[in-house]
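Since the structure comes first, as structure tokens, the remarks are kept for the end.
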Amino acid sequence: MSTALIDRPAPRADAPTHPTVDPDAAVASTRPRNTLRDAASHTMTMAWRATMKMRRNPEQFFDVLIQPILFTVMFAYVFGGAISGDVQSYLPIMIPGILAQTVLTTCMATGVQLREDMDKGVFDRFRSLPIARIAPLAGPMVADLLRYTTAAVLTFGMGIVIGYRPDGGVLGVLGAILLAVFTGWSLAWVFTWIGTIARSAQAVQGMSMMLLFPLTFLSNAFVPVKTLPGWLQDFVNVNPVSHLVSAARDLANHGTVSGEVGWTLLAAVVVIAIFAPLSVRSYMRRV
Amino acid sequence: MTNAVHATGLVKAFGDFRAVDGIDLTVPAGQIFGVLGPNGAGKTTMLKMLATLLPIDGGEAHLFGVDVRREPHRIRQLVGVTGQYASVDENLTATENLRMFGRLQGLSRADSRATAADLLGRFGLEEAADRAISQFSGGMRRRLDLAASLIKRPPLIFLDEPTTGLDPRTRGQMWDTIRDLVADGCTVLLTTQYLDEADQLADRIAVIDRGSKVAEGTPEDLKSSVGASTLQLRLADGTDRVHAAEVVERILGVAPALTPESGRLSAPLADADRAADVLIALRQVGLGVQSVSVDRPTLDEVFLALTGHDAGDQNDPAGPAGDDRHDPLEVAA
């Protein structure tokens, strides 16, 4: 490689003409930290980014579209007769269970996609910008509310198609959907945290499955608790998924807001309080 | 005036490996400062520490007087970072990317739109404004990436190997853009593996090797430390390389470097006239030469002169064998 010394050219005639950068003024105008309003605004911009991504990659919606339909039909016809005598009388027990299950599975995708996303170059830039550290995590989660809602609505829709008639009426069903979406959103912080600590998207998937299966199946989602051995009943009764399922049953089937709603909300808030800070911390540590 | 960058004793350790091992760096405002070094020398790690992307394990750093450790949030408002790999969102178009980064930095919707249009124009990307990034060429991505760093017009810009992998024409365009930034009042800290890039752009150059600074000065200082020019000899087939190396050393008083793959010798020349003496001496002992050239020194030669080893990849921190890889005797054996 021969390196000829060329005289440095003078600034070009078409060089930018806008005012020059003044370092002192720039330093003086810096702010020590983000306000809550900044954080909210950054989160919404990140949510916008996530919805653009969904629009450009519609295949991301397949799980949300297919799973509620497939699982509702499968569980109803496979377990209906064995557990409740016939499909019709199983539906009021099962639909809220499937609701919890689909919303939880959808949360898992939140963590997996975050992990994939974090490996991309654009996250380097996010880290180098003075934006609220929680925004790159919370933004996609806000956008994912769309996915949880879609999954929840489809579960009820499919149930109604195969003969489920919720006695709680429209309000009861809407209440159950809202509760499931909120709980799903709070649990998504657990998967987001896994997303920030795991080494690859596949690892997130694997670890999340380990968490997801016990949570959904060791609950009252699909079977009456009294058929389980005593030691298992103890776990099932404290499992937050059981509370969500019971609360959703009370809402959708009877139109009543039971104490289970309170327990579910409490569990959701506790999960957020623990896992949101953990997620932000491990996200910031990541190189 | 406060220095744009003032760092003392910077250290970054990954386990036992010190990627950055006590570097001092002072960059006056309004200059282009080049950090020159091979892969794995610690250039990027140093930049990342200064940009708050990596915690500083030892030493201190201030940018325009602001402490990097204590006030990372302020630092992020002062520095625009453009990495080796384009850090823009693949799922968005060029305009959407710039608007998103504008919104994230507190611009209103209207301002972010206007800034995006302005920057796309300035970087010659208007026509690609609404295209997906996946259709962009490497050069276009780099330009968009740099544009994204300039949205809030930060006074300090870090460019990590801004032209690695670009073709010569695009490289020249990038150089012009970097000069415009400084004409505009910015300070630029850039890393590079190319001596000619540092030579073309930088007011001052620091040479980094294995986490330490081995030299600093103007491009002229640096090149004069390795001699005015370099003699490059390609030996005729079957020529005894070791013998030829001995002859060159006898005439010039410096051991030449041997490039293993092509049977090439290179040696620094204090005076280009000495090349003739070498050729005469080779002829006298009957050693054949295929081609001869006298060039300006390359990064390899700068490195050889400054550190005693070549500028090959240093990704393997544990490998002292790297030192001897191009030992003339070993090659000849």
Side-chain angles (χ1 to χ4, degrees), chain A residues 1-6 8-12 14-34 37-38 41-46 48-50 52-57 117 120-133 135-136 139 284-285 287, chain B residues 1-2 4 29 48 51-54 64-66 71 73-74 76-81 83 85-92 96-97 100-101 103-106 122 132 145 148-149 153-156 176 179-180 183-187 194-196 199-201 219 223 293 295-300:
Chain A
M1 180 172 62
S2 72
T3 58
L5 262 180
I6 302 169
R8 191 160 295 147
R12 291 180 303 166
D14 63 342
T17 50
H18 33 78
T20 48
V21 175
D22 176 5
D24 293 333
V27 173
S29 71
T30 56
R31 292 183 306 152
R33 62 188 62 83
N34 281 307
R37 242 183 86 179
D38 294 332
S41 152
H42 298 157
T43 302
M44 289 322 286
T45 304
M46 289 296 186
W48 170 84
R49 166 178 180 266
M52 292 305 283
K53 199 174 140 203
M54 286 180 198
R55 253 171 61 182
R56 307 250 152 93
N57 305 288
D117 223 16
K120 289 184 185 149
V122 69
F123 264 71
D124 285 340
R125 184 170 297 283
F126 291 154
R127 270 185 286 260
S128 78
L129 292 177
I131 57 178
R133 303 286 103 179
M284 283 173 65
R285 273 210 199 138
V287 178
Chain B
M1 192 173 191
T2 333
K48 282 192 162 176
T52 77
L53 293 172
L54 274 179
F64 296 111
V66 180
E71 302 198 86
H73 189 70
R74 282 192 204 276
R76 291 181 196 121
Q77 292 165 75
L78 294 172
V79 183
V81 185
Y85 305 99
S87 41
V88 287
D89 194 329
E90 303 267 330
N91 290 297
L92 303 178
E96 286 165 351
N97 262 294
M100 172 176 71
F101 293 127
R103 294 285 290 151
L104 287 173
Q105 291 176 85
R122 194 171 144 194
D145 205 32
S149 307
R153 308 173 51 70
L156 179 57
D176 285 340
R179 290 188 188 108
D180 286 346
D184 214 25
C186 291
T187 307
Y194 309 123
L195 182 63
D196 65 330
D199 186 15
Q200 281 283 311
L201 291 172
K223 282 186 298 189
S293 67
D295 292 325
R296 298 207 172 264
T298 66
L299 177 61
D300 271 322

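Letters A, B, ... are given to chains in the order of the sequence lines, protein chains preceding strands, and every chain is numbered from 1.
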What part of B:Ala148 gets closer than 4.5 Å to chain A, counting heavy atoms only: side chain, backbone, both or neither?
both
Non-hydrogen side-chain atoms of B:Leu104 and A:Met46 separated by less than 4.5 Å
yes
Identify the two heavy atoms, one from B:Pro155 and one from A:Pro23, that lie closest to each other, and give their separation to 0.1 Å.
CB-CA, 3.8 Å
Of the non-hydrogen atoms in A:Leu129 and B:Arg76, which two are nearest, and what is the gap between them?
O-CD, 3.4 Å
Any donor-acceptor pair under 3.5 Å from B:Gln77 side chain to A:Arg31 backbone:
yes
Once you round to the nearest 0.5 Å, how far does NZ of A:Lys120 lie from CD of B:Glu90?
7.5 Å
dist A:Arg33:CZ -> B:Arg74:CZ (nearest 0.5 Å) comes out at 8.5 Å
Counting only heavy atoms closer than 4.5 Å, note whether B:Ser293 contacts chain A via side chain, backbone, both or neither.
neither
Closest non-hydrogen atom pair, B:Val81 against A:Ser128
CG2-CB, 4.0 Å
So what's closer than 4.5 Å to chain B heavy atoms on A:Phe126: side chain, backbone, both or neither?
side chain
With the side chain counted from C-beta on, respond yes when A:Arg56 and B:Leu92 share a heavy-atom pair under 4.5 Å apart, and no when they do not.
yes
Does A:Met44 CE have over 12 foreign heavy atoms under 6.0 Å away?
no
Roughly how far apart are A:Asp22 CG and B:Arg153 CZ, rounded to 0.5 Å?
11.0 Å
With a 4.5 angstrom heavy-atom cut-off, could you sort out which part of A:Arg37 is near chain B: side chain, backbone, both or neither?
neither
Evaluate the side-chain proximity of A:Arg125 to B:Asp145: yes if any heavy-atom separation is below 4.5 Å, no if none is.
yes
Heavy-atom distance under 4.5 Å between the side chains of A:Val122 and B:Phe101, does that happen here?
yes
Between B:His73 and A:Asn34, is there a side-chain heavy-atom distance shorter than 4.5 Å?
yes
Which heavy atom of B:Cys186 sits nearest a heavy atom of A:Val21, and at what distance?
SG-CG2, 3.9 Å
Using atom types as modelled and distance alone, determine if a side-chain donor or acceptor of A:Arg127 lies under 3.5 Å from a backbone N or O of B:Leu53.
no
